[in-house]
Amino acid sequence: MLSKLKIYNTLTNKKEEFKPIDPNHITMYVCGPTVYDFAHVGNARPVVVFDTLARLLRHDYGKLTYARNITDIDDKIIEASQQTGEDISVITEKFTKHYEEDMTQLNAEMPDIIPKATDYIDEMIELISDLVEKGHAYEAEGHVLFHVSSMDDYGELSGRSVADLLAGARVDVASYKKEAPDFVLWKPSTDDQPGWDSPWGRGRPGWHTECSAMIKKELGTTIDIHGGGLDLIFPHHENEIAQSKCSHDGAALANHWMHNGYLTVNGEKMSKSLGNFVTVHELLEEFPGKGEAIRMALLTAQYRQPVDFSRSGILQAKKQIDNWQRLTKGVNPSVPSEKVLNALRDDLNTPKAIMELHQLAKKAKENDEEKSILKASAQMLGLLNLNYNEWFDVLTSEDGSTLGTIEISPARDKEGIERLIKERTEAKKNKNFARADLIRDELDAEFIKLLDHPDGTTTWERR
RNA sequence: GGUGCGGUGGCGGAGAGGCUACGCAGCGGAUUGCAAAUCCGUGUACACCGGUUCAAAUCCGGUCCGCACCUCCA
């Protein structure tokens, strides 16, 4: 490979050469969703970013084990259950399914391992017991808390010191805490709350516990890459580090910590609490079959920079994909361009990679080989995964096998469109241009775009 | 208050001391019955004020503005 992978590491605040523990097998863990509602576009950003990284890692190193968890026990889920009256498992299963369907529409491949928190209760209890034994955690009023002061280097990821945290504590400190920054490993459940038996009574795990336990079981003591959104640095990832390091005699949890920037709306973070969010689900209804354009819009900025969400951004991305689709119609992918790969190897510089794709497209206009390279290169970013017909929803009825991803209205099904095209061709022959234009306008209103070719034929694309 | 990130042309967005990416939109042209698609061509930029340098969007100092984390959040 021409250049080595460089990754910005939150732990050192520097771009570093990626040094795998085992170059023949990379391990990566990314924090996934708490499944109590639809994922919004901001939640989709890390999914798309780390899916792109996963593609690069597989290309460069061959084997990757990529894990992304599902948090299926959490106070928000309990709350949702109380509000809707639905059983917790009904809620978590429903939204896990929606999540996976929606992310698949964004061309995000499923991770190799999708651990669910509730499948790892035993491992979490084991981890907590270990921390208690080693003097890093204590029991109080049915809770088990991690004692931050018991650790020398707490705060290494977020650049905070225990002293600062103690001084800056603004929130009322719970009575059972020895010190304000201490965090919950295990908490008691009332009878109407879900719970599991433990050495500390019936209860449930704190939020941070699951990741440490699942990483250890599924990927090992120290992994190569741990990722997630910027807002997880503190306290979530900081606390994962604390738990894992203290139970592993100081061994690192992950060598490279990567955090994606926010998706913003008018410059402000898209978030549930601000109410300025759009779910991926509704966006896919708005742009049916065009999840790839949403994906590309998310990749137009380098992953650490903010991306401002807008419909026009998605439309702009869609136009670019439209162009590439026309250019690579009927083309099979060959091998990705080194220029595109090198852009990705530079801390996942996707805007630069996209620029290289445009350069390839320019060359591809006269060269079929370049078209194959363009397609393979775009697929490194999870783009051009669909073929021309699928993307433009051109239904090929000959064998009935390839049907587009979208259902079009019955009046405008393939036969209807072809009949109108035939009628328009006749009208054009008879110089009845008024009729010809009327047909085009009518179809345009149905989002069907007609393309007249120099040889007299007419094809169509769905916008 | 502490910590961190950023301000680049109409918009999106790389770059990071000299060769002024790239895309979208715009404009001009070719093509077209008219369009679309396609092709060719084309303009505008580095928040502000100082400094270093032969040379600064890029380095240094300061100012202003925006955002985020410190509490659940991707």
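Bear in mind that the values here come from a model prediction, so they are computed numbers and not experimental data. So that the names make sense, note that chain A is the first sequence line, chain B the second, and so on, each numbered from 1.
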Short N-O contact, [X] and [Y], less than 4.0 angstrom:
X	Y	answer
A/Lys4	A/Glu16	no
A/Asp452	A/Lys428	yes
A/Asp75	A/Lys187	yes
A/Glu426	A/Lys429	yes

In whole angstrom, give the distance that lies between atom [atom1] of [X] and atom [atom2] of [N].
X	N	atom1	atom2	result
A/Asn9	B/G4	CG	P	16 Å
A/Glu268	B/A74	CD	P	18 Å
A/Leu165	B/C69	CG	C1'	12 Å
A/Lys339	B/G15	NZ	C1'	16 Å
A/Phe309	B/G12	CZ	P	15 Å
A/Glu238	B/U71	CD	P	12 Å
A/Leu157	B/C70	CG	C1'	14 Å
A/Leu274	B/C72	CG	C1'	13 Å

Problem - Steps toward salt bridge (Lys or Arg N to Asp or Glu O under 4.0 Å) verdict (A/Asp74, A/Arg204) - result: CA-CA 9 Å; A/Asp74 178 271; A/Arg204 58 194 194 278; over 6 Å; no
[atom1] gap between [N] and [M], integer Å:
N	M	atom1	answer
B/C49	B/G26	P	34 Å
B/C24	B/A47	C1'	24 Å
B/G10	B/G6	P	23 Å
B/C22	B/G2	P	43 Å
B/C5	B/G18	P	24 Å
B/U31	B/G12	P	36 Å
B/A55	B/G23	C1'	30 Å
B/C48	B/G41	C1'	36 Å

Handout entry: Watson-Crick/G-U partner (both atom distances under 3.5 Å) of B/A68
Key =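 WC or wobble partner is B/U3.
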Practice task
Give one of base, sugar-phosphate or nothing for A/Gln302, where a contact means two heavy atoms less than 4.0 Å apart.
Solution key: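 Sugar-phosphate contact only.
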Exercise for the section: Under 4.0 Å between any heavy atoms, over every strand shown, what does A/Leu357 touch: base, sugar-phosphate, or nothing? Just pick one. Expected result: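 Contact class for A/Leu357: none.
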Does any donor-acceptor pair link the side chain of [X] with the base of [N] at a separation under 3.5 Å?
X	N	value
A/Asp441	B/C34	no
A/Arg440	B/C34	yes
A/Asp308	B/G12	no

At less than 4.0 Å, is any side-chain N or O atom of [X] found next to OP1 or OP2 of [N]? Yes or no.
X	N	answer
A/Arg326	B/U38	yes
A/Lys269	B/C69	yes
A/Asn323	B/G23	no
A/Asn13	B/U3	no
A/Lys352	B/G15	no

Exercise for the section: Would you confirm whether the ring centroid of A/His281 sits within less than 6.0 angstrom of the ring centroid of A/His98? Expected result: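 When the ring centroids of A/His98 and A/His281 are compared, they turn out to be within the sub-6.0 Å range.
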Practice task
Assess the pair A/Phe392 and A/Tyr388: is the distance between their ring centroids shorter than 6.0 Å?
Solution key: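 That pair passes the under 6.0 Å test.
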Side chain of [X] only, please: which of [options] is the nearest?
X	options	result
A/Gln316	B/C11, B/C70, B/G33	B/C11
A/Asp231	B/C24, B/A14, B/C69	B/C69
A/Leu232	B/A25, B/A14, B/A74	B/A74

